[in-house]
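The next block holds one structure in the form of structure tokens; read it before the comments.
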Amino acid sequence: MPWNVRHFGSPVASTASVRAAGAAGLAAAILLAAGGCDLLRDSTAVDDLERAIAVHAIVWAGSDTVRVLITRIVESPAPGEFPVGRVTGAEVYVTGPEGSVRLGEAVGPFGPCLIGGLPSDGEEEPPRTGAGCYTGRLRAAVVPGTRYTLLTVLPSGDTIRGAAVAPEPPEIIAPAAGARVAFRNDEPANFEVRWRSGQGTALLYTSLTDATPFVDDRAPLDGGCITEWASGEPRAGEDHIDVHLFRVECYVQDPGDADSGPRPIAWDSARVHLRVAAFDTAYARFITEIHGESVMRGEAGAGLSGAVGVFAGAAAAERVFTVVNAAQ
């Protein structure tokens, strides 16, 4: 089982933008965000990768908000590099059982499409319309097991189509709600994350998404924690992983003194949010096949026709537990 080391910065600790490694074999790789669907199309052959359109979109069960990021691979300044440009002026529609909704183009470099772990393009520029990020609200929240379609009409008149079905949310079994995990910085805390997968799940990810410090049973204003942890990546069919938490550092931002930055604090406990996210077969293909060498052979679209990238369904469950500072 492969092991990954991860960290998370809470609100007061600045969080660096997540960036894609290299070209990731394709510009779609910079668009990473977070039982399958027989309705999904097979991979789409793209003959001219250097002028390909890349799409990244996920419909999340329980949410009525959809975001579609559309970019174009532009002329490469160096061999093996695939910089991207925004695709603006497109007509983007997402259709569900309640009807079709046209998405609006957002403001900012990539705007709201950065939500959910999508990487920044690294540019510092004033907000503007035309970000290549299209957002909107469906008439009802996404229902697991229901088909949603994507239709994009590019300014050139070319079309991109996609279909996705969100899986059922996983059920988190362990740690139990309100569980307490003892922790010392010189002795990693080990605990198990266990779940029951819902129908339509092809891939799962676990993460610690937020941590709030407590001092004398009170949460300080503008407080946050950085956690560092390692876990295995669950393989298909597995229902648990072991997590090793080996760093918790908590900070507070003093009101009226933003220039000094957050200062470390002694903490008694931290309330930690565990997130288990389930993805459909399209996203699983995107991660395990397309986000790698096969894209160089031109098989580049998961759940899409007419573009590289992915249009997928996902669902998530969260559980809050407490890390106790045993060194206090």
Side-chain angles (χ1 to χ4, degrees), residues 31-44 55-69 92-103 113 115-118 134-152 160-173 193-207 209 233-241 274-291 301-307 309-319:
L31 311 180
L32 285 177
C37 169
D38 295 336
L39 301 169
L40 295 177
R41 293 175 173 82
D42 293 333
S43 57
T44 301
V55 170
H56 184 281
I58 297 175
V59 290
W60 285 90
S63 173
D64 63 359
T65 301
V66 288
R67 305 175 179 91
V68 178
L69 183 57
V92 181
Y93 303 87
V94 174
T95 302
E98 304 294 329
S100 181
V101 173
R102 180 173 177 176
L103 308 188
C113 284
I115 296 174
L118 296 177
Y134 299 81
T135 68
R137 298 185 66 178
L138 302 174
R139 293 184 173 89
V142 172
V143 178
T146 301
R147 185 176 190 258
Y148 293 82
T149 61
L150 170 70
L151 171 63
T152 298
I160 300 167
R161 298 178 184 274
V165 174
E168 295 281 347
E171 177 188 354
I172 299 176
I173 299 173
V193 177
R194 184 174 292 274
W195 61 85
R196 184 177 295 110
S197 295
Q199 185 175 0
T201 297
L203 179 73
L204 283 113
Y205 283 109
T206 60
S207 59
T209 62
E233 293 289 3
R235 300 185 187 277
E238 292 184 335
D239 61 0
H240 69 282
I241 59 169
L274 166 70
R275 180 179 174 89
V276 179
F279 297 89
D280 66 2
T281 52
Y283 200 84
R285 261 198 79 246
F286 179 70
I287 293 297
T288 60
E289 298 178 26
I290 293 175
H291 183 47
L304 288 168
S305 174
V310 63
F311 181 56
E318 293 192 356
R319 171 64 49 83

By side chain to side chain donor-acceptor pair (under 3.5 Å) - contacts of Arg139 (at least two apart): none
Straight-line distance of Leu204 CG to Glu238 CD, nearest 0.5 Å: 10.5 Å
Distance-minimising heavy-atom pair for Ile160 and Gly306: CG1-O, 3.7 Å
Partner set under side-chain contact (heavy atoms from CB on, under 4.5 Å) for Ala57, not counting sequence neighbours: Val68, Phe311
CA sep, side-chain torsions, deciding dist, call: Val55, Thr152, side chain to side chain contact (heavy atoms under 4.5 Å, CB included): CA-CA 10 Å; Val55 170; Thr152 298; 5.6 Å; no
Polar side-chain atom of Ser63 near backbone of Thr65 as donor-acceptor pair, under 3.5 Å: yes
Test salt bridge (Lys or Arg N to Asp or Glu O under 4.0 Å) applied to Arg194 - qualifying residues, sequence neighbours left out: Glu192, Asp239
Val59 and Leu150: CA distance, side-chain angles, deciding distance, side chain to side chain contact (heavy atoms under 4.5 Å, CB included) verdict: CA-CA 10 Å; Val59 290; Leu150 170 70; over 6 Å; no
By salt bridge (Lys or Arg N to Asp or Glu O under 4.0 Å) - contacts of Glu171 (at least two apart): Arg196
Distance-minimising heavy-atom pair for Ala61 and Pro167: CB-O, 4.1 Å
Thr201 vs Glu168 side-chain heavy atoms within contact, under 4.5 Å: no
Set of side-chain contact (heavy atoms from CB on, under 4.5 Å) partners for Val193, sequence neighbours left out: Pro175, Phe191, Trp195, Thr206, Ile241, Val243, Leu274, Val276
Smallest separation among heavy atoms of Asp280 and Ala312, with atom names: OD1-CB, 3.3 Å
Reference residue Tyr148; test side chain to side chain contact (heavy atoms under 4.5 Å, CB included); the match among Leu138, Val165, Thr95: Leu138
By side chain to side chain donor-acceptor pair (under 3.5 Å) - contacts of Glu318 (at least two apart): Arg275
Taking every non-hydrogen atom, the tightest pair across Tyr93 and Ser100: CB-OG, 3.8 Å
Heavy-atom closest pair, residues Val310 and Leu304: N-CD1, 3.3 Å
Minimum-distance pair of heavy atoms, taken over all atoms of Ala315 and Pro170: O-CD, 4.0 Å
